[in-house]
Number of protein chains: 2
Amino acid sequence: MPRMSAADRREALVRAALRVVARRGLAQATTRAIVAEAGMSLASFHYAFDSRDELVDALIEHVVGAEGAALLVDELPGTDVGDVVRLGLRRYLDHLRGDPDAEQAMLELTQHALRDPERHDVARRQYQRYHDLAEASLDAAAARAGVRWRRPVRDIAGLLVAMTDGITMTWLVTRDDAAAEAAIDLLAETIGREAVPATVSDATPDATESPDAAERPDPADSDPDPGATT
Amino acid sequence: MPRMSAADRREALVRAALRVVARRGLAQATTRAIVAEAGMSLASFHYAFDSRDELVDALIEHVVGAEGAALLVDELPGTDVGDVVRLGLRRYLDHLRGDPDAEQAMLELTQHALRDPERHDVARRQYQRYHDLAEASLDAAAARAGVRWRRPVRDIAGLLVAMTDGITMTWLVTRDDAAAEAAIDLLAETIGREAVPATVSDATPDATESPDAAERPDPADSDPDPGATT
DNA sequence: GTCTATATGGAGATAGAC
DNA sequence: GTCTATCTCCATATAGAC
């Protein structure tokens, strides 16, 4: 085995751990299973990490940084905003179908994080990032289509994020492609109906267009740079 | 400790296990923690169950049978179908806020079940039941309001079930009440728009009102009696 | 630094007295 | 039937040779 830097070793172990969690679940992701997957010895593990908990933490941080980009992307051909949402969610469904174990691993890691007060914040930041991403995508789609949203974009983004989780969970259980597609189409159609033609006064770039948008302060908006993931 | 029948002991252990899982997570629900919660000795555990796995199976079956009723109920004051959906989901959100650990326990048990092919079917049946319940509630609400659904009820029910999961997951992470309520209101409004006034020809009780409803066969409708739980 | 070998603890499961 | 005491295994973590 060639020498690796401690950082490389940590990275390799995290990647191996993710594969093991995806394949057999977090509970079965023992240090032995992980080092076997990584082709290392047990001692190398404890050279790179102090404990298994520390690796799990690193694993959570890793997936938080990496997975955000798959949710919704801006380069969708969008004339109709409903279509943009539909294509974005369909793309996510394709991703889910292509690698269901990976998404289940994400869910398991998130739920694991919820059990610890300190890790809970990591999960919160992850969801905040999802939300910001969805919001930015919705804004961009609306701008290109020349429409504006009839209600706070934040609310629509929240529905999108929740829906993504819901589809993930139900599809993982039922494996019903058609049902997931039907739900996506229905939701996309709905969100499309929330868009109305933009007037000139709406063109102000950063004005919140709804009067009650300020009534509800964002409980967690401490992330000023939602674009820099990884 | 008084003598208990084996059945009573099993029941008591299952209930204790559920409390432990809710409080500390499935991974921490060791046999020792469970018998401590139930006030029994370790030997009593193995008198009632052959193994911990067997108890976890019983626990899954238990929650599958018990939790369905809380999702959507028919006794909601419904003139407007959108309001019925909104109130039903709000009621579920109240339940979630009142006992978040219990719902997280449900999620953990479901995900655990997904890891085993045999247990996967148990989870599938659970979701099938949720779906049937949602569908029946939607039908009942529409009938009372004198409206019909513009698209297959099945699709709307699927969206409801997925949305319930999504709201659960996102709320457990963010604990953002206002966001959950906004998502609920938006979804309810949407679903309300899927209802149109019923005509006389629509009054046929069990006719599928959409021409493409038969195009998608139900992948799992082997449960002829969704009402008889527990 | 990287390995083999081992210590330590906690988990599930059981033996055997009462 | 129910308990205490124990067995066995496996996981994490460490010691110490090279």
Side-chain angles (χ1 to χ4, degrees), chain A residues 1-60 105 108-109 112-113 115-116 118-119, chain B residues 1-62 105 108-109 112-113 115-116 118-119:
Chain A
M1 288 301 126
R3 298 216 173 165
M4 305 173 67
S5 76
D8 284 350
R9 198 169 283 279
R10 283 172 68 99
E11 167 107 10
L13 282 167
V14 165
R15 290 183 183 281
L18 186 56
R19 289 195 296 273
V20 175
V21 172
R23 196 187 318 129
R24 314 203 331 181
L26 183 57
Q28 300 300 315
T30 68
T31 53
R32 280 179 167 77
I34 292 167
V35 295
E37 175 78 22
M40 293 184 198
S41 75
L42 209 51
S44 301
F45 176 94
H46 284 287
Y47 177 76
F49 292 99
D50 280 349
S51 70
R52 178 182 181 271
D53 271 3
E54 202 180 287
L55 174 130
V56 173
D57 285 347
L59 182 52
I60 292 175
E108 284 183 31
L109 288 170
H112 173 77
R115 287 290 175 190
D116 184 86
E118 202 160 333
R119 292 179 190 138
Chain B
M1 288 301 127
R3 299 219 173 165
M4 304 174 68
S5 75
D8 284 350
R9 199 167 281 278
R10 284 172 68 98
E11 168 107 9
L13 282 168
V14 165
R15 290 182 182 282
L18 188 54
R19 290 194 296 273
V20 175
V21 173
R23 197 187 316 129
R24 315 199 348 195
L26 183 58
Q28 300 300 316
T30 67
T31 54
R32 282 177 169 80
I34 293 166
V35 295
E37 174 78 20
M40 294 182 197
S41 74
L42 206 54
S44 300
F45 177 93
H46 283 288
Y47 178 75
F49 291 99
D50 280 350
S51 70
R52 179 181 180 271
D53 271 3
E54 202 180 287
L55 173 130
V56 173
D57 284 348
L59 182 52
I60 292 175
E61 302 275 359
H62 180 258
E108 284 184 31
L109 287 170
H112 173 77
R115 287 290 177 191
D116 185 84
E118 201 160 332
R119 291 178 190 141

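Below, chains carry the letters A, B, ... as their sequence lines are ordered, and counting in each starts from 1.
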Take the protein atom CE of A:M40 and the nucleotide atom C1' of C:dG1, then report the distance between them rounded to whole Å. 13 Å
Could you tell me whether the phosphate oxygens of C:dG1, OP1 or OP2, come under 4.0 Å of any side-chain nitrogen or oxygen in A:R9? no
B:E108 side-chain N/O to B:L26 backbone N/O, donor-acceptor pair under 3.5 Å: yes
Any chance you could measure A:R19, atom CZ, to A:R24, atom CZ, to the nearest 0.5 Å? 13.5 Å
Output yes when at least one side-chain N/O atom of B:S44 is less than 4.0 Å from OP1 or OP2 of D:dG1, else no. no
Please state whether the phosphate of C:dT2, meaning OP1 or OP2, lies under 4.0 angstrom from any side-chain nitrogen or oxygen of A:S41. no
Check the pair A:R119, A:D53 against side chain to side chain contact (heavy atoms under 4.5 Å, CB included), reporting the backbone distance first and the verdict last. CA-CA 11 Å; A:R119 292 179 190 138; A:D53 271 3; 3.9 Å; yes
If I take atom CD in residue A:Q28 and atom P in nucleotide C:dA11, what distance separates them, rounded to the nearest angstrom? 16 Å
Does A:M40 form a side chain to side chain contact (heavy atoms under 4.5 Å, CB included) with A:R9? I'd like the steps, not just the answer. CA-CA 9 Å; A:M40 293 184 198; A:R9 198 169 283 279; 3.2 Å; yes
Review item, nucleotides 13-18 of chain C N/O atoms under 3.5 Å of protein N/O:
{"unit_1": "C:dA13", "atom_1": "OP2", "unit_2": "B:R52", "atom_2": "N", "d": "2.8"}

Within 6.0 angstrom of B:R15 CZ, more than 12 heavy atoms from elsewhere: no
Mind jotting down which residue pairs meet the salt bridge (Lys or Arg N to Asp or Glu O under 4.0 Å) criterion with at least one end in residues 39-52 of chain A? Sequence neighbours excluded, please. none
To the nearest angstrom, the CD1-P distance between A:I34 and D:dA11 comes to 12 Å
